[in-house]
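What's counted below: heavy atoms across the whole structure, side chains too, no hydrogens, waters or symmetry copies. Computed from a prediction, not measured in an experiment: that's the story for all the values here. So that the names make sense, note that chain A is the first sequence line, chain B the second, and so on, each numbered from 1.
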Protein chains: 2
Amino acid sequence: MAYRKTPAELSRLEAARERLVACATTVVAEVGWAQASVTAVADAAGIAAGSVYQHFPSKAALAVEVFRRAAGREVEVLGQVVHGSGDPVERLESAVRVFARRALENRGLAHALLAAPAEPAVGAERLVFRRRYRELFAEVVREGMAAGLLPPQDGEITAAALTGAVGEVLVDPLAAHDADATDVLLAELTAMALRCAGARPGRRPSARSPRTP
Amino acid sequence: MAYRKTPAELSRLEAARERLVACATTVVAEVGWAQASVTAVADAAGIAAGSVYQHFPSKAALAVEVFRRAAGREVEVLGQVVHGSGDPVERLESAVRVFARRALENRGLAHALLAAPAEPAVGAERLVFRRRYRELFAEVVREGMAAGLLPPQDGEITAAALTGAVGEVLVDPLAAHDADATDVLLAELTAMALRCAGARPGRRPSARSPRTP
DNA sequence: ACAAGAAGTGAACCATCATTCATCCCTTCA
DNA sequence: TGAAGGGATGAATGATGGTTCACTTCTTGT
């Protein structure tokens with residue numbers, strides 16, 4: 001009799017689950033949470049609707065997993081920048097640039113993570129991750145104040161403002177889509193962010209084309 | 001026979017419609033769009049669910065009307081401040097303070113207008129009004145630049161950032177609710193906004209308690 | 001006061017999905 | 001090879017909530 005154990009069969013299960021999460025992420029990035037029905041997601045993954053429940057107890061659980069994975073990646077990347085090298089102001093500038101660039105590279109996903117209407121479970125998760133974004137920005141702002149590079153301010157509020165500001169600029173169809181316009185947008189955004197935190201202007205003119213990580 | 005004409009009966013109809021919109025606004029401010037079912041709204045207005053369709057062809061139409069009224073009031077008030085007296089920087093500061101204060105005074109409504117998940121029709125309307133907010137901020141930023149009070153920048157981007165920043169700070173449960181904390185929050189917010197637009201600091205120390213319209 | 005017409009009612013209707021489950025099929029082990 | 005244990009299936013189920021409509025109630029003008 002075939003007992004419930006399976007040597008490499010488990011990996012097939014795990015792979016199917018991963019594939020499901022990946023496909024669901026794609027669907028959500030393309031059509032938003034509201035249009036991402038269980039059927040649509042299952043179709044995209046090439047499985048039946050019922051099979052989704054082999055991997056997740058509910059649609060909400062799948063949605064939360066999708067959100068956590070995607071948002072976690074962003075927080076991870078942002079954390080690397082914020083905790084990287086350079087003075088606090090440089091790191092703040094890099095953080096905003098990286099945050100914005102990644103969002104511009106995958107607008108659909110950025111919209112889903114930051115703004116798209118979603119079920120309550122995802123909304124709650126969104127608040128959690130927004131706070132993480134904010135905490136990262138707040139850290140570097142506080143460091144900048146401690147180093148005397150930024151004027152006294154409430155780091156939390158500045159951080160919240162930066163999160164909201166970048167999101168607002170990115171989310172609705174304001175900027176063009178060609179690479180040149182993207183560079184200009186990034187330059188304006190980072191300049192705005194530095195002003196917002198009170199960094200003294202006129203350090204570097206915020207170079208356009210050369211690669212600035 | 002009573003023909004379809006009605007002298008003062010029309011006003012009763014109009015009053016009922018107004019009452020419906022007002023009650024729906026209250027419900028939305030209290031429980032959000034998602035929980036504001038036709039039944040709930042009708043109950044709040046003291047009418048039957050079916051009667052809603054005497055005044056609006058669909059729930060979406062009612063929702064859009066509710067949104068337009070409320071958001072229109074905000075745009076109106078903001079426009080008065082932006083087109084009021086004082087130098088551009090003063091008007092920018094006032095605009096942010098008024099925007100934020102009004103939102104703090106009615107958090108539920110602010111959340112509904114700025115962030116709460118909503119049906120597509122309301123989402124579309126939200127984009128329209130966000131653009132109006134932005135245009136107002138952008139105007140005063142451009143004036144500030146023309147007057148040499150603000151450094152060169154993309155007024156649209158700064159305006160979008162201000163809208164997003166204020167929304168972000170206000171919307172999620174960050175700030176306390178007592179009057180004192182509100183004053184501090186408003187002071188920090190306006191200071192952040194002035195930095196964000198690049199206004200030279202140190203003009204007025206942004207008084208706390210005295211009434212600053 | 002009465003008839004006609006409009007507004008109000010709320011239970012029934014219908015569409016949309018998430019979820020379930022009887023069944024099928026594939027893999028595993030004797 | 002064959003039987004058994006689970007994953008996979010997808011049509012049926014159920015819940016939710018917007019919308020409709022046959023009927024009641026109210027107002028109006030004769």
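B/Gln54 places its CD atom 8 Å from the C1' atom of C/dA6, with the value rounded to the nearest Å. The CG-C1' distance, from B/Leu13 to D/dC26, rounds to 12 Å in whole Å. Per the geometry, CZ belonging to B/Phe56 stands 16 Å off C1' belonging to C/dG8, to the nearest Å. Protein atom CD1 of B/Ile47 is 16 Å distant from nucleotide atom C1' of D/dC26, rounded to whole Å. Here the P atom of nucleotide D/dG7 and the CG atom of A/Leu20 are 15 Å apart, to the nearest Å. Atom pair B/Glu14:CD and C/dA7:P shows a separation of 13 Å (rounding to whole Å applied). Rounding to whole angstrom units, CG of residue B/Asp43 and P of C/dG8 are separated by 16 Å. As a whole-Å value, the separation of B/Trp33 CH2 from D/dG17 P is 17 Å.
Salt bridge absent: B/Glu14 and B/Arg19 never bring a charged side-chain N and a carboxylate O closer than 4.0 Å. Under the 4.0 Å criterion applied to side-chain N and carboxylate O atoms, B/Glu93 and B/Arg97 are assigned as salt-bridge partners.
For the 3.5 Å distance criterion, the side chains of A/Arg17 and A/Gln54 fail to qualify, holding no donor opposite an acceptor. Under 3.5 Å, the side chains of B/Glu168 and A/Thr163 contain no donor-acceptor pair of N or O atoms.
Contact detail for A/Glu119 and A/Ala63: the closest heavy-atom pair is OE2-CB, 3.4 Å.
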Counting primed atoms, P, OP1 and OP2 as sugar-phosphate and everything else as base, the B/S/- map of nucleotides 18-25 of chain D against protein heavy atoms under 4.0 Å is SBB-----

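Cation-pi geometry between B/Arg132 and B/Phe129 is satisfied (NZ or CZ under 6.0 Å from the ring centre, within 45° of the ring normal).
The phosphate of D/dT9 (OP1 or OP2) has a side-chain N or O of A/Ser51 nearer than 4.0 angstrom.
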